[in-house]
Amino acid sequence: MKVSYQWLKEYLDIDVAPRDLAEKIARTSVDINDVYSLSDGLKKIVVGEVETCEPHPDSDHLHVCQVNVGEDEPIQIVCGAPNVAAGEKVIVALHGARIGDNVKIKRGKIRGVQSNGMLCALQELGFSDKIAPKDYDEGIYLLPDDAKPGDSVFPYLGMDDTIIDTDVTPNRGDMLSIYGNVNDIAAFYGLKPHFKELAIKKEGDEKTADLVKTTVNDEKISPTYKLRIIKGVKIADSPLWMQIKLWNSGIRPVNNVVDVTNYILLKYGQPLHSYDYDKLPGHQFGVRHANKDEKFTTLDGDEQTLIENDIVVTADDQPIALAGTMGGEGTAVADDTTTVALEAAIFDPIMVRKQARRLDLHSESSMRFERGINPATVETALNEAAELISELAGGEITQGIVTASEKPAQDKQITLSLSKVNHVLGTNLKMAEVTDIFKRLAFPATVSEDDQIVVTVPARRWDIFVAADLYEEIARIYGYDNLPATLPVMTRNHGGLTARQKFIRASRHDMEGMGLDQAISYSLTTVEKAKQFQIDPVDEPMKLDFPMSSDHVATRMSIISGLLIDVAYNVARNVNDVALYEEGRVFLPKGGERPEEQEHLAAAITGHLLANSWHLDDQPVDFFQVKGIVERYLHNLGIAGEIAYVADDQRPEMHPGRTADILIDGQLVGFVGQVHPTVAKDYKIPETYVFELNLEDLIAADKVANEYHPISKYPAITRDIALLVDKNVTNADVLAVIKKRGGAFLKNIHLFDVYSGLHLPKGKKSLAYTLTYQDVHNTLTEDQVNKAFDKVTNALVDDLGAEIR
Amino acid sequence: MGLRDKLTELREQGLEEIKNSKDLKKINEVRVKMLGKKGPITSVLRGMRDLSAEERPVVGQFANKVRDDLTEAIEARRTELEQAALNAELAAEKVDVTLPGTPVAQGQSHVIQQIIDQVVDLFVSMGYEVAVGDEVEQEVYNFEKLNLPKDHPARDMQDTFYVTPKVLMRTQTSPMQARMLEKHDFSQGPLKMISPGKVYRRDTDDATHSHQFNQIEGMVVGKHITMADLKGTLEVVAQSLFGDKLQVRLRPSYFPFTEPSVEADITCFNCMGKGCAICKHTGWIEVLGAGMVHPNVLKMSGVDPEEFGGFAFGLGPDRFAMLKYGVDDIRNFYQNDVRFLNQFDEKG
Ligand SMILES: [Zn+2]
């Protein structure tokens with residue numbers, strides 16, 4: 001709410017500078033968006049009196065004016081406004097002035113005639129069209145007759161006021177009024193507010209009840225509903241003091257009736273609505289839910305189609321307003337209005353909120369109804385508005401208020417214990433300090449025996465329900481700055497990461513240690529992408545009920561597709577070496593209410609894993625580099641089971657000849673390989689290698705315990721063997737034979753060459769291994785090794801048809 | 001010429017030849033020539049038998065000295081020549097030390113991950129446990145049990161991706177408050193937990209909004225937990241993340257699941273409180289929201305609010321990263337441009 005500092009000062013004797021007050025409000029009550037004056041950044045703008053006004057010799061619309069600006073001689077100003085005339089008091093921007101939008105005014109010639117300044121409209125002083133009065137839409141603003149030439153215009157227009165723009169949390173609806181602000185600020189400073197209410201001085205003889213009837217059948221929609229009638233009003237502008245209060249609060253002045261309702265809205269936080277009595281379809285008022293597809297044209301001229309949850313005010317069952325949100329086009333107070341029906345009500349906050357939200361009609365009124373209304377001031381506000389209208393627009397207030405429903409203004413009693421207050425806040429407050437705080441808040445409080453306080457919370461603080469709410473009142477008025485700062489006392493629990501959390505963190509560090517950058521991609525993606533690259537495919541992903549964008553409609557079932565989007569983003573920006581990994585959730589619907597959330601680890605690599613160097617051969621990433629990362633990672637984990645890489649040509653997104661499933665003791669835990677070129681093309685990425693691992697399986701897998709194995713003191717003996725085998729015999733086949741026939745002393749098998757070049761027979765390839773033999777207890781003899789090696793050689797020939805070279 | 005004179009001459013001649021030897025081969029030749037069995041010193045010594053018994057020991061001693069001098073000179077010269085040869089070899093091996101080193105593979109953790117790890121480590125050091133929740137949550141835990149009944153206005157502020165009326169993408173990490181309260185065995189001491197994770201809002205992505213971002217939730221509930229403990233804890237967090245010279249300001253705020261509720265601001269680290277564009281000229285930057293756990297939340301999770309109480313807080317690593325590094329577009333965090341990711345290589 002834009003709170004006027006000057007308005008506050010009418011009711012509070014504060015001697016705190018506006019900025020300091022704003023800081024105090026922020027620390028004690030509600031947040032502050034901004035503190036400003038409408039005159040910020042403006043200078044050399046004064047009151048002028050137009051002495052003469054002659055047509056410009058060279059123009060059909062410009063005038064040449066002699067303007068008294070409080071100096072010995074008048075100054076000459078050329079003005080194009082249609083409403084400029086001799087005798088008017090005007091806003092003059094002098095030579096050297098700075099006006100709105102940081103524009104500088106300089107003297108100069110306009111169509112050959114000297115002009116020493118500019119006569120201004122409010123918009124030219126920075127007023128937005130939302131707050132500048134409509135009367136002056138065409139032309140300059142005219143100041144009141146008593147304005148003194150040469151004076152700064154700011155005090156005349158309230159532009160010297162400071163506006164404290166507060167950001168009110170949903171619970172503090174009371175802070176959306178001057179009344180609420182005055183009460184709260186009085187509490188911070190221990191002041192006694194002298195808030196002034198205006199009572200009705202005189203009512204006419206005619207009874208309001210003879211002019212209108214009202215019933216509210218469903219008091220849930222409108223717990224309080226009241227009407228007054230003012231007859232014989234004359235619509236005109238409201239006085240400047242009221243207009244200033246409105247525009248300083250961000251509301252545009254309209255006329256003396258509408259302005260009064262807005263003024264009361266600001267003062268009490270009570271939205272009012274004024275109807276032109278004679279334009280109503282009937283005089284039996286009511287409030288009800290809208291009918292389905294009922295049509296209603298709002299004040300702004302838009303025809304709204306209503307739904308059954310909407311709420312409307314009716315006259316003879318015809319809608320005349322969207323309750324709490326916006327009035328109707330046909331019944332608004334206009335220049336020809338003579339009888340005003342004035343409504344003060346409370347509408348259901350949720351219904352108003354839903355209606356305003358659905359129709360996107362957020363207004364000063366709806367904002368207040370949504371956050372609640374003080375039931376104690378509905379009638380006060382209605383009476384003051386009626387009185388002000390009759391004072392400003394003439395007319396007679398008819399006798400009595402017509403009431404359809406009335407929510408009683410009930411105070412609440414809450415019992416507190418001083419020890420609990422101190423226990424919760426960590427303070428050491430004394431009873432007198434706490435009771436003083438309630439005194440400042442004007443919450444009557446009585447201390448009973450032991451340490452009990454019974455606090456009476458007035459209806460104007462409808463946000464307070466339970467003791468905890470009062471702890472907050474005590475804490476904020478006492479001051480959060482004064483609260484001690486301690487840490488929770490040491491306790492027996494030691495905290496720390498779980499084994500699972502450590503595992504995940506170690507996995508991330510492993511990936512980074514091997515050159516992969518961590519990515520965090522979106523979990524929501526398209527259905528098609530959600531289904532791609534799954535380790536163990538599930539049919540359909542979980543889909544959102546009402547997505548926001550077609551790119552994010554389903555939860556991912558693998559991480560790779562998101563990483564490929566990241567790769568594409570990089571490649572499109574000429575970043576061609578990309579090595580990313582991501583650790584995060586995938587969501588697999590398995591028939592339950594919610595999908596199974598699995599932690600996965602995936603990577604995508606394109607270009608070079610190592611930056612190009614003068615010192616290294618250019619080696620673009622390939623299957624074996626990526627497999628090496630997986631191998632090293634699984635090695636680091638200390639997986640106890642047997643890890644196997646099994647060729648898989650069935651994964652639709654993967655290269656059929658360059659993809660391996662990763663198995664631990666026969667169980668599928670992930671895959672590694674090259675993205676299928678067709679899929680890569682769809683993603684607009686070059687040759688890219690990926691892997692994805694199910695961390696849940698890896699976390700659950702048995703690990704090798706670290707234990708010490710003595711290093712043999714006896715020498716190791718090696719034998720090299722080169723084999724010529726059929727092309728489709730794999731390394732794994734060879735290793736299996738060697739391991740099976742290797743004997744007890746075979747310690748290690750190392751593949752040192754793979755060759756399938758030109759001078760080999762067609763369909764053959766050569767594999768070369770070094771076999772290392774060692775005994776822990778003895779020196780091996782040549783004979784022992786030769787025997788063991790011969791067994792291997794023979795087995796390779798017999799089982800695999802190998803030719804030993 | 002006597003033997004002595006002959007020896008003296010041989011010594012002079014030998015030293016001269018040693019000095020003029022330019023390489024190891026030559027010095028070896030000199031050694032064989034001078035000190036060998038057929039060398040002149042040996043033959044001089046052979047002539048000693050012609051000397052008198054008085055002269056013999058004197059000349060013998062002198063001859064030995066000459067031989068020792070020459071041996072020593074040869075060794076010294078040999079060392080000198082070896083050193084020179086080594087130096088020449090090393091000079092030939094010289095490299096341009098200004099050439100760049102061979103690249104080593106090293107990846108980078110994501111800037112948001114760095115902040116999460118920092119916060120998690122800080123709380124773990126204070127004895128908190130880390131509780132990680134599901135990203136697809138039940139509506140009951142995301143809202144109801146946090147004192148956000150249906151039609152609560154705060155639900156409008158968190159536009160939600162629903163899957164079914166009962167299942168949604170969690171909008172906050174706060175559901176872990178309720179889940180941990182239900183799970184914790186209070187006979188074993190207070191609950192101290194921190195819960196980082198991804199959250200989702202039904203938002204259109206732009207520079208300041210992302211439909212996916214991160215939160216870290218923290219909560220301490222026990223018999224003796226106070227609002228002063230909350231204030232102290234928030235000061236530790238803010239100062240350990242942004243620097244201990246910064247002040248912390250608590251302001252009243254509103255969250256349905258805490259009462260009292262506060263927001264914590266720190267002195268703007270850009271202008272140190274003077275006011276600038278980053279802090280919107282207030283001198284303060286909002287960093288987290290917090291409060292004392294609402295009695296309704298405790299009650300709904302089966303914890304007696306008369307006996308137990310505590311605080312909860314939530315902070316946004318994305319926002320922290322934006323503030324700390326001046327990142328002006330939140331989408332940077334999820335596009336994973338390698339040039340962006342690699343800017344945050346300071347560990348910790
Ligand atoms: Zn700043």
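No hydrogens, no waters, no symmetry mates; every other heavy atom, side chains included, goes into these values.
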Smallest separation among heavy atoms of Ser210(B) and Tyr522(A), with atom names: OG-CE2, 4.1 Å

Looking only at atom types and distance, does a side-chain atom of Asp481(A) sit under 3.5 Å from a main-chain N or O of Arg249(B), one as donor and one as acceptor? no

Could you have a look at Arg500(A), Met514(A), Met542(A) and say which one has the most heavy-atom pairs with chain B under 4.5 angstrom? Met542(A)

Given Glu286(B), Lys198(B), Gln138(B), Lys231(B), the one with more heavy-atom pairs under 4.5 angstrom with chain A than any other is Lys231(B)

Answer yes or no: is there a donor N or O on one side and an acceptor on the other, between the side chain of Glu472(A) and the main chain of Pro260(B), under 3.5 Å? no

Can you check whether Val338(B)'s main-chain N or O pairs, donor with acceptor, with Asn570(A)'s side chain at less than 3.5 Å? yes

So, Gln501(A) side chain and Val130(B) main chain: donor-acceptor pair closer than 3.5 Å or not? yes

When you measure from the side chain of Thr486(A) to the backbone of Asp229(B), do you find a donor-acceptor pair of N or O atoms at a distance under 3.5 Å? yes

Side chain, backbone, both or neither: which part of Leu250(B) has an atom under 4.5 Å from a heavy atom of chain A? both

Shortest non-hydrogen contact between Val124(B) and Gly496(A), atoms and distance: CG1-CA, 3.5 Å

Select one option (side chain, backbone, both, neither) describing which atoms of Asp203(B) are under 4.5 Å from chain A's heavy atoms. backbone

Between Gln108(B) and Glu512(A) (side chain of the first, backbone of the second, donor and acceptor by atom type, cut-off under 3.5 Å), is there such a pair? no

Which portion of Glu263(B) sits near chain A, non-hydrogen atoms under 4.5 angstrom: neither

Quick check: closest heavy atoms across Phe161(B) and Pro547(A), and the distance to 0.1 Å? CE2-CA, 4.4 Å

Minimal non-hydrogen separation, Pro252(B) against Ala26(A), with atom names: CD-O, 3.4 Å

When every non-hydrogen atom of Ser261(B) is compared with those of Tyr480(A), the smallest separation belongs to O-OH, 4.2 Å

Over all heavy atoms of both residues, which pair between Val136(B) and Arg594(A) is shortest? Give the atoms and the distance, please. O-NH1, 2.7 Å

For Pro295(B), which atoms come within 4.5 Å of any heavy atom of chain A: side chain, backbone, both, or neither? side chain

Partners passing ring-ring contact (aromatic ring centres under 6.0 Å, His included) against Phe123(B) (at least two apart in sequence or in another chain): Tyr128(B), Phe313(B)

Tyr334(B) versus chain A, the contacting section by heavy-atom distance below 4.5 Å: both

Contact class of Lys150(B) relative to chain A, heavy atoms under 4.5 angstrom: neither

Which portion of Val236(B) sits near chain A, non-hydrogen atoms under 4.5 angstrom: side chain

Can Arg251(B) and Asp167(A) be counted as an ion pair, charged N to O under 4.0 angstrom? no

With only heavy atoms counted, which part of His423(A) is less than 4.5 Å from chain B, the side chain, the backbone, both or neither? both

When you measure from the side chain of Gln212(B) to the backbone of Ser521(A), do you find a donor-acceptor pair of N or O atoms at a distance under 3.5 Å? yes

Among Thr169(A), Val30(A), Asp31(A), which residue satisfies the side chain to side chain contact (heavy atoms under 4.5 Å, CB included) criterion with Ser253(B)? Thr169(A)

Please look at Tyr471(A) and chain B and tell me whether the side chain, the backbone, both or neither of the residue comes under 4.5 angstrom of a heavy atom of that chain. both

